[in-house]
Amino acid sequence: MQVSLAGRKALVTGASRGIGRAIALALGEAGADLVLVATNEGLLEELAAPLREQGRTVLVCPCDLSDGEAVANTVKAAAKELGGLDIVVNNAGITRDGLLMRHAEADWQKVFDVNLGGALRVTKAATRYLLKSPAGRVINISSVVGLTGNAGQASYSASKAGLIGFTKSMAQELASRGVTVNAVAPGFIETDMTAELTDEQQGAIKERIPLGRIGRVEEIAAACAFLASEHAGYITGTVVRIDGGLSM
Ligand code: NAP
């Protein structure tokens with residue numbers, strides 16, 4: 001089975017680094033034209049160059065997802081330039097970890113604003129284009145801690161659990177128009193976000209993972225390319241766990 005996204009137009013948030021970058025590369029390699037969103041324009045340009053060499057149309061769209069007006073303008077301008085949107089991957093996310101009793105309200109507001117608010121804003125702005133697509137797709141990058149919780153990550157876990165509720169609601173809102181909406185829940189994946197963990201913390205995490213290792217960004221990206229493809233047309237409202245068995 002080969003995944004082809006030729007002629008499809010995909011917007012990926014948080015595309016400058018880590019999982020989002022890998023997702024953009026996977027969708028581009030499968031043939032999709034791309035809208036790359038994050039705040040670091042330089043990193044987005046670096047990613048765009050090899051994709052353009054492969055013949056893809058790539059729009060670099062620096063945008064802070066906590067700015068509602070900027071998100072609405074970015075999505076509208078990108079869809080106009082590409083002539084529509086078929087796939088949205090809400091991947092951008094941040095953490096502000098710490099025990100709740102010491103957690104500043106400004107920090108949890110920021111986490112909700114980017115992780116959950118960003119996905120709501122992008123999806124809201126993109127829906128009118130997804131409805132016109134022959135096979136619209138929304139993929140929300142949640143987290144295994146949105147299912148299990150995690151001490152020291154109350155706001156992050158709550159935002160990721162919220163994304164799952166959002167996914168199921170949108171799946172029901174858009175199903176009659178053939179748009180599928182799914183969540184992906186990664187476990188521990190090698191990125192800047194997990195690079196902050198000490199060797200000791202990484203060792204302790206690996207001991208809890210049945211497959212005995214941290215995951216790779218390509219393993220999340222491959223699942224997203226599948227969910228974005230025609231092969232996943234009967235999958236909606238689900239949460240795909242990619243965590244080496246951690247949450248089973
Ligand atoms: P990362 O390396 O820290 O990258 C985060 C991305 O989000 C960057 O591209 C960043 O771009 C973007 N971003 C952050 N704030 C933004 C804002 N206000 N506006 C626009 N873009 C913003 O994280 P990652 O590890 O790849 O994680 C990607 C997603 O997977 C996140 O939602 C995360 O919660 C989830 N996840 C990760 C893991 C893991 O183990 N790594 C596990 C489960 C879930 P700029 O810096 O350029 O703005």
Side-chain angles (χ1 to χ4, degrees), residues 11-26 34-48 60-75 78 88-97 106-107 109-122 125 139-150 153 155-164 166-167 183-197 201-202 205-206 208-209 213-221 223-224 239-244 246-247:
L11 182 150
V12 181
T13 71
S16 59
R17 290 183 278 121
I19 292 172
R21 183 177 183 282
I23 293 170
L25 279 170
L34 287 155
V35 184
L36 306 179
V37 178
T39 62
N40 189 321
E41 188 173 2
L43 289 178
L44 294 180
E45 286 293 356
E46 273 176 34
L47 171 61
V60 165
C61 300
C63 174
D64 182 344
L65 295 177
S66 55
D67 180 340
E69 202 180 333
V71 170
N73 291 338
T74 298
V75 172
V88 169
V89 184
N90 289 307
N91 161 80
I94 59 169
T95 53
R96 294 283 188 275
D97 294 349
D107 280 342
Q109 294 289 2
K110 185 72 190 165
V111 168
F112 289 134
D113 205 19
V114 175
N115 296 6
L116 196 48
L120 264 77
R121 292 183 190 102
V122 171
I139 302 166
N140 297 318
I141 307 300
S142 176
S143 168
V144 74
V145 303
L147 295 160
T148 63
N150 196 23
Q153 290 199 306
S155 61
Y156 179 74
S157 304
S159 73
K160 293 298 183 178
L163 263 182
I164 292 173
F166 171 63
T167 297
V184 168
F188 288 92
I189 309 298
E190 268 177 43
T191 67
D192 291 350
M193 198 177 262
T194 46
E196 293 163 13
L197 298 169
Q201 285 170 321
Q202 294 217 10
I205 288 165
K206 280 181 203 161
R208 289 167 45 214
I209 301 171
R213 66 173 174 84
I214 306 267
R216 295 186 293 272
V217 291
E218 293 79 9
E219 291 170 316
I220 307 300
C224 291
V239 184
V240 180
R241 301 172 188 219
I242 309 175
D243 62 1
L246 179 64
S247 67

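Just so you know, ligand 1 is whichever comes first in the structure, and atom 1 is the first atom listed for that ligand. Just so it is clear, the values below take in all heavy atoms, side chains as well, and ignore hydrogens, waters and symmetry mates.
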Ligand-residue contact atoms, ligand 1 with [X], heavy atoms, under 4.0 Å:
X      : answer
Asp64  : 17 (C), 18 (N), 19 (N)
Ser142 : 35 (C), 44 (C)
Gly93  : 5 (C), 7 (O), 31 (C), 32 (O)
Asn91  : 28 (C), 29 (C), 30 (O), 31 (C), 32 (O)
Cys63  : 19 (N), 20 (C)
Ala92  : 7 (O), 12 (C), 13 (N), 21 (N), 22 (C), 32 (O)
Phe188 : 40 (O)

So does Glu219 pair up with Arg213, basic N to acidic O under 4.0 Å? yes
Is there a side-chain contact between [X] and [Y] (heavy atoms, below 4.5 Å)?
X      : Y      : result
Thr39  : Cys63  : no
Leu11  : Val37  : yes
Phe188 : Leu246 : yes
Val217 : Glu190 : no

Measuring from atom [atom1] of [X] to atom [atom2] of [Y], what distance do you get when rounded to the nearest 0.5 angstrom?
X      : Y      : atom1 : atom2 : answer
Ile209 : Lys206 : CD1   : NZ    : 8.5 Å
Ile141 : Asn115 : CD1   : CG    : 12.0 Å
Ile214 : Leu197 : CD1   : CG    : 7.0 Å

For the residue pair Ser66 and Asp64, confirm or rule out a side-chain donor-acceptor distance under 3.5 Å. yes
Of all the heavy atoms in Gly187, does at least one lie under 4.0 Å from an atom in ligand 1? yes
Does the residue Arg21 have a heavy-atom contact with ligand 1, meaning some pair of atoms that are separated by less than 4.0 Å? no
Counting heavy atoms under 4.0 Å, the part of Val114 that contacts ligand 1 is side chain
Is it the side chain (CB and beyond), the backbone, both or neither of Lys160 that lies under 4.0 Å from ligand 1, heavy atoms counted? side chain
Are any of the N or O atoms of [X] closer than 3.5 Å to those of ligand 1?
X      : value
Pro186 : no
Ser66  : no
Asn40  : yes
Ile94  : no
Lys110 : no
Ile19  : yes

Side-chain atoms of residues 12-19: list all donor-acceptor pairs with protein atoms under 3.5 Å, sequence neighbours left out, distances to 0.1 Å.
| unit_1 | atom_1 | unit_2 | atom_2 | d |
| --- | --- | --- | --- | --- |
| Thr13 | OG1 | Asn91 | N | 2.8 |
| Thr13 | OG1 | Ala92 | N | 2.9 |
| Arg17 | NH1 | Asp192 | OD2 | 3.2 |

Give me the residue, atom name and distance of the protein heavy atom closest to atom 2 (O) of ligand 1. Arg17 NH1, 3.4 Å
Where the closest heavy atom to atom 45 (P) of ligand 1 is concerned, which of Thr39, Asn140, Val111 has it? Thr39
Asp107: what forms a side-chain contact (heavy atoms from CB on, under 4.5 Å) with it, not counting sequence neighbours? Arg96, His103, Ala104
